[in-house]
Visitor: 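The structure is given below, and queries will be raised subsequently.
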Amino acid sequence: LNVGIEGERDQGVDVRTNNVTAVCAVANIVKSSLGPQGLDKMIVDDVGEVLITNDGATILKRIEVEHPAAKVIVQLSQLQDAEVGDGTTSVVILAAELLKRANELIRNKVHPTNIINGYKIAAREACRYIEEKLTFDVGELAENNLVNATTTSMSSKLIGTEKEFYAKMVVEAVNSVRMETALGSKYPVKAINIVKAHGKSSLDSRLIKGYAVQAMKSHQLMPSKIGKAKIAVLDMNLQKFRLQMGVQVLVDDPKNLDKIRKNECDVLKGRVEKILAAGANVIITTMGLD
């Protein structure tokens, strides 16, 4: 059927078959990466950057999908990643299998509306069973139960070989940001940040109960550890004062050059003295530091 926008309109059996085929093709991409025995995928983009991962959401985010039904599955995986943080591969495979089974029922003359209603009833029953039989309050669980659950989710990741080490660290990190509210305990996961550094083993990773900044000392004589620190966070330059771009100074006497240089140093010295007078013994600045 030709439509007004110089395109073609498809409907009926062919559309359903194409949709199921596209979704199953997406599921087949990530199916081999499921579980602890799953394989990693190597993804190479247009500029030659290589990514090795077995995370379903990451894989589907990097591939180019044009089919509308397949795009919905990709969005489903990303939503699962945002809401739960795990199960991105499983949700794609499960959705593809449900569509595949539904297509078989349609071939057996079952109306699509009846299939949809059946899936809705099954979803309600599954949620009810989970709430009654499989749901536990976090406060009732011992720490080893949380560690075991975390270890299971890490089994299929690249850090699976050190899962016991990282599982304990993750549980401790989440418990450290626990907040008590009127509605109960909350765990703001976004309050936990990961700072990456090169040069050592992954087992040298550690949990810092505070604020970590990946920075360097400006001078080797500066101390590496300070107790009872008073930190000044600045958005200003602590290098020797220089005139703005485009500003010219005309000197008619060479002796005045030393005065100009001394005045530039005095401006920086005045700033430092004000910071020290405020009692700060640690300085973090977004700009330069002499």
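In this text the structure is predicted, and so the values were computed from the model without any measurement. Excluded from the calculations below are hydrogen atoms, water molecules and symmetry mates; all remaining heavy atoms, backbone and side chain alike, are included.
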Visitor: Quick one: closest heavy-atom pair of Leu34 and Ser90, and the distance?
Guide: CD1-OG, 3.5 Å
Visitor: Starting from Val171, can I reach Leu207 by hopping between I/L/V/M/F/W/Y residues whose side chains sit under 4.5 Å apart?
Guide: yes
Visitor: Would Val30 and Val26 count as a side chain to side chain contact (heavy atoms under 4.5 Å, CB included) here? Give the steps.
Guide: CA-CA 7 Å; Val30 296; Val26 174; 5.7 Å; no
Visitor: Nearest 0.5 Å, what's the OG1-NZ distance between Thr58 and Lys61?
Guide: 5.5 Å
Visitor: Taking all non-hydrogen atoms of both residues into account, name the closest pair between Gly87 and Gln80 and its distance.
Guide: O-CG, 3.7 Å
Visitor: Apply side chain to side chain contact (heavy atoms under 4.5 Å, CB included) to Lys209 and Glu172, showing your working.
Guide: CA-CA 10 Å; Lys209 295 183 178 179; Glu172 186 179 356; 3.4 Å; yes
Visitor: Can you check whether Asn28's main-chain N or O pairs, donor with acceptor, with Ser32's side chain at less than 3.5 Å?
Guide: no
Visitor: For Tyr129, is the OH atom crowded, meaning more than 12 foreign heavy atoms sit under 6.0 Å from it?
Guide: no
Visitor: Under a 4.5 Å side-chain heavy-atom rule over Ile, Leu, Val, Met, Phe, Trp and Tyr, are Ile284 and Val272 clustered together?
Guide: no
Visitor: Take Lys186 and Glu180, measure what salt bridge (charged side-chain N to carboxylate O under 4.0 Å, His left out) needs, and give me the verdict at the end.
Guide: CA-CA 6 Å; Lys186 284 191 174 183; Glu180 296 293 340; over 6 Å; no
Visitor: Side-chain contact, heavy-atom cut-off 4.5 Å: Ile275 with Leu234?
Guide: yes
Visitor: Counting distance only, does the side-chain N/O of Thr135 pair as donor-acceptor with the main-chain N or O of Ile130 below 3.5 Å?
Guide: yes
Visitor: Check this for me, if you would: do Glu132 and Arg128 make a salt bridge, where the nitrogen-to-carboxylate-oxygen distance has to be below 4.0 angstrom?
Guide: yes
Visitor: Report yes or no: does Thr150 contribute a side-chain atom to a donor-acceptor pair with the main-chain N or O of Ala167 at less than 3.5 Å?
Guide: no
Visitor: Is Val174 linked to Phe165 within one hydrophobic cluster, defined over Ile, Leu, Val, Met, Phe, Trp and Tyr using a side-chain heavy-atom separation of less than 4.5 Å?
Guide: yes
Visitor: Other residues, nucleotides and ligands only: do more than 12 of their heavy atoms fall within 6.0 Å of CG on Asn108?
Guide: yes
Visitor: Passes side chain to side chain contact (heavy atoms under 4.5 Å, CB included), Tyr119 versus Arg124? Steps please.
Guide: CA-CA 9 Å; Tyr119 278 171; Arg124 287 197 298 268; over 6 Å; no
Visitor: Could you tell me whether a side-chain N or O of Ser176 sits under 3.5 Å from a main-chain N or O of Ala173, the two making a donor and an acceptor?
Guide: yes
Visitor: Taking the side chain as every heavy atom from C-beta outward, state whether Val282 and Lys230 have any pair of such atoms under 4.5 Å apart.
Guide: no
Visitor: Hey, does Asn19 have a side-chain heavy atom less than 4.5 Å from the side chain of Leu99?
Guide: no
Visitor: Regarding Glu164 and Lys168, does a basic nitrogen lie under 4.0 Å from an acidic carboxylate oxygen?
Guide: no
Visitor: To the nearest 0.5 Å, tell me how far Ile121 CD1 sits from Ile116 CD1.
Guide: 12.5 Å
Visitor: What I'd like to find out is whether the side chain of Ile43 reaches to under 4.5 Å of the side chain of Val50, using heavy atoms alone.
Guide: no
Visitor: Rounded at 0.5 Å granularity, tell me how far NZ in Lys163 sits from CG in Asn148.
Guide: 10.5 Å
Visitor: Can you tell me how far the CZ atom of Arg271 sits from the CG atom of Leu276, to the nearest 0.5 Å?
Guide: 14.5 Å
Visitor: Any pair with a residue in residues 63-74 that passes side-chain hydrogen bond (donor to acceptor under 3.5 Å, both in side chains), sequence neighbours left out, goes on the list, sorted by first then second residue, please.
Guide: none
Visitor: Of all the heavy-atom pairs spanning Val92 and Thr88, show the shortest one and how long it is.
Guide: CG2-O, 3.4 Å
Visitor: Below 4.5 Å, heavy atoms only, C-beta onward: do Gln78 and Leu60 meet side chain to side chain?
Guide: no
Visitor: Measure the CD1-CE distance between Ile192 and Met169 for me, rounded to the nearest 0.5 Å.
Guide: 11.5 Å
Visitor: What heavy-atom pair brings Ala57 and Ser77 nearest, and what distance separates the two atoms?
Guide: CA-OG, 3.3 Å
Visitor: Decide yes or no for Asp40 and Thr53: does some side-chain heavy atom of the first lie under 4.5 Å from some side-chain heavy atom of the second?
Guide: no
Visitor: Side-chain heavy atoms nearer than 4.5 Å, only ILVMFWY residues, links allowed to pass through others: does that put Val177 and Leu146 together?
Guide: yes
Visitor: Determine whether Leu79 and Val91 fall in the same hydrophobic cluster, where Ile, Leu, Val, Met, Phe, Trp and Tyr are linked whenever their side-chain heavy atoms lie under 4.5 Å apart.
Guide: no
Visitor: Under the 3.5 angstrom rule, does the side chain of Asn114 hit a backbone N or O of Val110 as a donor-acceptor pair?
Guide: no
Visitor: Specify the closest pair of heavy atoms between Ile73 and Ala95, including all atoms of both residues, with the distance to one decimal.
Guide: CD1-CB, 3.9 Å
Visitor: Short question: side chain of Ser205, backbone of Ser202 - any donor-acceptor pair under 3.5 Å?
Guide: yes
Visitor: Measure the shortest side-chain to side-chain distance between Ile29 and Ile59 over non-hydrogen atoms and say whether it is less than 4.5 angstrom.
Guide: yes
Visitor: Between Asn117 and Thr113, is there a donor-acceptor pair closer than 3.5 Å when you use the side chain of the first and the backbone of the second?
Guide: yes
Visitor: If you round to the nearest 0.5 Å, how far is OG of Ser201 from CD of Glu162?
Guide: 6.5 Å
Visitor: Is there a side-chain contact between Val72 and Leu76 (heavy atoms, below 4.5 Å)?
Guide: no
Visitor: Which heavy atom of Ala70 sits nearest a heavy atom of Val65, and at what distance?
Guide: CB-CG1, 3.3 Å
Visitor: For Ile194, does the CD1 atom sit with more than 12 other heavy atoms under 6.0 Å from it, leaving out its own atoms?
Guide: no
